[in-house]
Amino acid sequence: MKVKDVMTQDVKSCELAADLSMAARAMWMRDCGMLPVVDDDGQVVGIITARDICIATASKNREPSSIPVNEVITRKIHACSPDADIREALQIMQEKQVRRLPVIDAKGKLCGILSLNDVAIKARAAGKPAELSAEDVLKTLEAIYKHRPTQEHSSQQVAA
């Protein structure tokens, strides 16, 4: 089974020039928690998550409409190709501990998003263990939510 058989194709993206308020509004309207960020040529250059927006807004102590997406995005993109095998994409999710992967063609253009939700729904519908099973989804979930080593700042107490 290929990624293109499972992914969501109708994907909203965000431009580098957008602000956090615009990105949050797009996520709210699309009921999603992540947007791929594209440059003027439509190349995927990063991603922004709802978590990124919340942390940036709180830590920068500025209005979301005054913070450009460009200041906040994650530029290290974990992605897959539409022609990749679904198990290959699940392996990326496991290794990188992510629930969503932008699906990018050979020219760097966005073709879709593969979410763990898409995979779970397809696994239930497939009913064919040879193609995609609930065990594949469970293994991926376990890897994604495995506790990471604590970061230096996480051991500090937050003052009230």
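Atoms NZ and CD, on Lys2 and Glu88 in that order, are 8.5 Å from each other to the nearest 0.5 Å. With rounding to the nearest 0.5 angstrom, the CG atom of Asp118 is 10.5 Å from the CD atom of Gln9. Annotation: the span from Met7 atom CE to Ile86 atom CD1 amounts to 10.5 Å, rounded to 0.5 Å. Rounding to the nearest 0.5 angstrom, the gap separating the OG atom in Ser21 from the CD atom in Glu63 is 9.0 Å. In this structure, OG on Ser115 lies 7.0 Å from CD1 on Ile121, to the nearest 0.5 angstrom. One distance of note links CZ of Arg30 with OG of Ser13; it measures 10.0 Å at 0.5 Å rounding.
Both Leu16 and Met27 are part of a single hydrophobic cluster, where members link through side-chain heavy atoms under 4.5 Å apart. Hydrophobic clustering, with ILVMFWY side chains joined whenever heavy atoms are under 4.5 angstrom apart, groups Met1 together with Val103. Linking ILVMFWY residues whenever their side-chain heavy atoms come closer than 4.5 Å, directly or via other members, places Ile77 and Val38 in the same cluster. One hydrophobic cluster, built from ILVMFWY side chains closer than 4.5 Å, cannot hold both Leu110 and Val37; they sit in different ones. Leu20 and Ile73 fall within a single hydrophobic cluster, where Ile, Leu, Val, Met, Phe, Trp and Tyr are joined by side-chain heavy atoms under 4.5 Å apart, directly or via other members.
Not counting sequence neighbours, the partners of Asp83 by the side chain to side chain donor-acceptor pair (under 3.5 Å) test are Lys4. For Thr74, the side chain to side chain donor-acceptor pair (under 3.5 Å) criterion is met by no residue, not counting sequence neighbours.
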Report the C-alpha distance between Glu15 and Val69 in whole Å, list the side-chain angles of each, state the deciding distance to 0.1 Å, and finish with yes or no for side-chain contact (heavy atoms from CB on, under 4.5 Å).
-> CA-CA 8 Å; Glu15 296 178 355; Val69 164; over 6 Å; no
Decide side-chain contact (heavy atoms from CB on, under 4.5 Å) for Met34 and Ile113; before the verdict, give the C-alpha distance in whole Å, the side-chain angles of both, and the deciding distance to 0.1 Å.
-> CA-CA 10 Å; Met34 183 270 278; Ile113 295 283; 3.8 Å; yes
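Contact record, Val11 with Gly112: CG2-CA, 3.4 Å, taken as the closest heavy-atom pair. Across Asp105 and Pro82, no two heavy atoms sit closer than the pair CA-CD, 4.2 Å. Shortest non-hydrogen contact noted between Lys60 and Glu71 is NZ-OE1, 3.3 Å. Annotation for Ile92 and Ala79: closest pair CD1-O, 3.6 Å, computed over non-hydrogen atoms. Closest approach of Ile67 and Ala56 over heavy atoms only: CD1-O, 4.1 Å. Residues Ala89 and Leu101 approach most closely at O-CD1, 3.6 Å, considering heavy atoms.
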Using atom types as modelled, flag every donor-acceptor pair under 3.5 Å from a side chain in residues 46-53 to any protein atom, sequence neighbours excluded.
from	atom 1	to	atom 2	distance (Å)
Thr49	OG1	Arg51	N	3.4
Thr49	OG1	Asp52	N	3.0
Thr49	OG1	Asp52	OD1	3.3
Thr49	OG1	Asp52	OD2	3.1
Asp52	OD2	Thr49	N	2.9

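Here Arg62 does not pair with Asp19 in a salt bridge; the nearest charged N to carboxylate O distance is not below 4.0 Å.
The local environment of CD in Gln43 is crowded, with over 12 non-hydrogen atoms from other residues, nucleotides or ligands closer than 6.0 Å. Remark: Gln94 CD is packed, more than 12 non-hydrogen atoms of other residues, nucleotides or ligands lying under 6.0 Å away. Few gaps surround NZ on Lys109; more than 12 heavy atoms of other groups in view lie less than 6.0 Å from it.
Among Leu114, Leu116, Val3, Asp85, the one residue that satisfies the side-chain contact (heavy atoms from CB on, under 4.5 Å) test with Leu90 is Leu116.
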